[in-house]
Structures are given as C-alpha cells and as structure tokens.
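Report on one structure; see the data block that follows.
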2 protein chains.
Amino acid sequence: MNQTAKKYSLGFRVWINEEHGHFLGIGRVRLLENIRKTGSITNASKAMKMSYRQAWQMVEDMNDASEKPLVEKILGGKGGGGAMVTEAGEKAIKLFYKLEEKVNKFSKELGAKIKL
Amino acid sequence: MNQTAKKYSLGFRVWINEEHGHFLGIGRVRLLENIRKTGSITNASKAMKMSYRQAWQMVEDMNDASEKPLVEKILGGKGGGGAMVTEAGEKAIKLFYKLEEKVNKFSKELGAKIKL
DNA sequence: AACCGGTATGCTTTCTGAAACATACCACAA
DNA sequence: TTGTGGTATGTTTCAGAAAGCATACCGGTT
C-alpha cells in the first residue's frame, strides 16, 4: 500500500484539567449543552444515548472539580425536578470552545506542513 | 468541594492521520522505540506488556498507512527472525515528537491563562 | 533433517467496563 | 395522600475487547 504520495494531517484532542484530574472535555461540554436544551439529566442522557448513570456521574465529577457548580440539580417539585446549567457552566462551555478553537487553528497550520 | 481557587491547565493529545484514518500516535511511537531497542516485535510487546497480537497488528497498520514501511520484518533465519525500525520509521518518530513538542508549548501558554 | 526463535494467524477463554434493571427518595400539586 | 417525574444509588447482566492458547510457517545454523 505505497507508491502514491499520501496526505497527512494532525489530529488532536484537548481538555481542561483541574489539579486532581480531568475537568472538562468535549464529551462533558456536549452533555452540558444537552442539559441546557432538555432541562434534565435524564432527558439529556437519552438525547445522546448515554446511560443516566454515566451522565449523572459526569455532572457530579464536573461540579466537584469546579469552584462553582456547572449544573444545578432540583430534587422533587413540580415535574419531579430537573437540572440546569449555571452561569458558571455557561462560561465554562464558552471557554472550552475558545481554547479548542485556538488549538485547532494552530494544529491545522502545523498539519499542513507535515512531510514524511 | 469549592471555595478555594483552583488551578486549571490544558491537557491534549496529538496524532498523525493518514487520509484513511489514524496513522501515528504516542502509543505506536513507543512501540517503534521498543522494537528498535529489542530487535523484535515479540520482545517489544513483552517489554511493554502488550500482547504480541496487538503489537503485530499495530505494525501492520502503520506500515499500511505509510508510503514506506516503518518496520521491516525478518522471517526465519538466525535467531528465528526479528524486526527493525527502518529509516522511514526513525524519521516518523522524530517528526511526531517535534509536532507534539510544538503543540505542548502552545498549549502550555494557553493553559497558563485559563481563568474561570 | 532437526532445532531454534520469531513471525503469522485462527480459535477459545477470560475480563472488565458499560448498560440494564431495580428501588428508594424528593418535593410540589391537586 | 396519592400521583408524578426526575434525582440518587445499589445490584445484576452482558457484549465486546483483550488475553491466552494452539499451531503453522520461515529460513538460517549445526
């Protein structure tokens, strides 16, 4: 499988670490967005066909790793409760995309020069 | 788990893609280095406690995705055979580390500015 | 031609992380 | 006080991946 000149590009993945471990990556950001859209962890998890358990754990981890919770959960009440993205959560989403975009730009430039 | 100001940093992972998929990441690079050191896929895989099968498959994939093979395999012969990293392989290793280092530098700069 | 040690590849078994299931709790509404 | 629907959490099932086993091949050496 050789002869023809091949094209190479640079792939990458970024995430934000808190001192004790992983804090926020693209997966969690998408979860946040789904929570914002659907109003609950349950519905968000369904929307992205992820188990409730996993989604709930993610939220828990995020909140723990953050100074201020990114998601606020409501127990009981009308409609049984729900969850919403806090102001801090919105900021985190924005920040993540900003960083990712910068790395993306940088890596595209680098990738264009790859020559084996 | 809040109150105290937390420190955040940017984590990342890079790899090289060939047009039909993944080509070279840190895992494969380490495998190459172990093959260089030990002279065979068998010993390299043992050194990094990975199954021979998996290591062999990685080599196969790499070679397929590359214009020139990164690893040359020797069947039979004295000592039963072996494997060695080609010139192209060495170049690929160097290139990968170079790219990774650049991204690393960039992401460190970015990470230093994270403020939530 | 028998041995050696690595490559090559099919087949089986084991393991583990994810999903699924089950259940209790919560607070408001009617 | 009963119903509702989401949160919270322990327990069990299960599929797919990884590991392990088995075997054939290869080509020098002795």
Side-chain angles (χ1 to χ4, degrees), chain A residues 1-2 13 15 21-22 24-66 68-86 88-89, chain B residues 1-2 13 15 21-22 25-66 68-89:
Chain A
M1 173 73 40
N2 313 38
R13 192 98 191 222
W15 61 89
H22 178 71
L24 194 68
I26 184 63
R28 290 181 178 187
V29 166
R30 291 211 205 291
L31 175 59
L32 287 177
E33 291 172 325
N34 274 305
I35 289 173
R36 172 173 54 198
K37 186 192 293 180
T38 66
S40 79
I41 297 176
T42 295
N43 288 328
S45 67
K46 278 175 188 162
M48 53 204 307
K49 45 184 199 160
M50 159 189 308
S51 72
Y52 169 79
R53 201 186 183 70
Q54 184 179 350
W56 177 84
Q57 190 60 57
M58 277 188 177
V59 169
E60 208 65 7
D61 288 349
M62 272 190 273
N63 281 351
D64 280 356
S66 176
K68 300 176 183 171
L70 307 190
V71 173
E72 195 170 302
K73 290 171 279 182
I74 301 118
L75 278 209
K78 72 175 162 198
M84 54 183 304
V85 177
T86 66
Chain B
M1 171 74 37
N2 312 41
R13 193 96 189 225
W15 61 88
H22 179 69
I26 185 63
R28 290 181 176 186
V29 166
R30 291 210 204 293
L31 176 59
L32 287 177
E33 291 173 323
N34 274 306
I35 289 173
R36 172 172 55 198
K37 186 195 289 179
T38 65
S40 79
I41 297 177
T42 294
N43 289 326
S45 68
K46 279 176 188 161
M48 52 205 307
K49 46 184 197 158
M50 159 190 306
S51 72
Y52 169 78
R53 203 187 182 69
Q54 186 179 348
W56 178 85
Q57 190 60 58
M58 277 189 178
V59 169
E60 209 64 8
D61 287 349
M62 272 190 270
N63 281 350
D64 280 356
S66 176
K68 299 175 183 174
L70 306 190
V71 172
E72 195 170 302
K73 291 172 277 183
I74 301 117
L75 278 209
K78 73 176 161 197
M84 55 183 303
V85 176
T86 65
E87 203 43 50

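First the proteins, then the strands, lettered A, B, ... as listed; each starts at 1.
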Exercise. Using the salt bridge (Lys or Arg N to Asp or Glu O under 4.0 Å) rule, collect all pairs that involve residues 25-37 of chain A, keeping only residues at least two apart or in two chains.
Key: A:Arg28-A:Asp61, A:Arg36-A:Glu90
Self-check item: Presence of B:Trp56 side-chain N/O under 4.0 Å of C:dA8 phosphate oxygens OP1/OP2
Solution: yes
Quiz item: Does the side chain of A:Lys73 get closer than 4.0 angstrom to OP1 or OP2 of D:dA8 through an N or O atom?
Solution: yes
Quiz: residues 72-87 of chain B side-chain donor-acceptor pairs under 3.5 angstrom, not counting sequence neighbours:
| residue | atom | partner | partner atom | Å |
| --- | --- | --- | --- | --- |
| B:Lys73 | NZ | B:Glu60 | OE1 | 2.6 |
| B:Thr86 | OG1 | B:Pro69 | O | 2.7 |
| B:Thr86 | OG1 | B:Leu70 | O | 3.2 |
| B:Thr86 | OG1 | B:Ala88 | N | 3.3 |
| B:Thr86 | OG1 | B:Gly89 | N | 3.0 |

Quiz item: Quick one: CD1 on A:Ile26 to CG on A:Leu31, what's the gap to the nearest 0.5 Å?
Solution: 11.5 Å
Practice problem: Could you grab the distance from atom NZ of A:Lys46 to atom OH of A:Tyr52, nearest 0.5 Å is fine? | Solution: 11.0 Å
Rounding to an integer number of Å, can you tell me how far [X] [atom1] sits from [N] [atom2]?
X       : N      : atom1 : atom2 : answer
B:Glu72 : C:dT7  : CD    : C1'   : 14 Å
B:Asn43 : C:dC4  : CG    : P     : 17 Å
B:Ile41 : C:dT9  : CD1   : P     : 11 Å
A:Tyr52 : D:dG10 : OH    : P     : 13 Å
A:Asp64 : D:dA8  : CG    : P     : 12 Å

Quiz item: Just by protein heavy atoms under 4.0 Å, how would nucleotides 17-30 of chain D read 5' to 3' in B, S and -?
Solution: --S------BBSS-
Quiz item: Hey, does A:Thr42 reach any base, or is it just sugar-phosphate, or nothing, if we go heavy atoms under 4.0 Å?
Solution: base
Practice problem: Using modelled atom types only, decide if a donor and an acceptor are shared between the side chain of A:Thr38 and the backbone of A:Asn34 within a distance under 3.5 Å. | Solution: yes
Exercise. Compare every heavy atom of A:Arg13 with every heavy atom of B:Trp15, then report the nearest pair and how far apart it is.
Key: CZ3-N, 4.0 Å
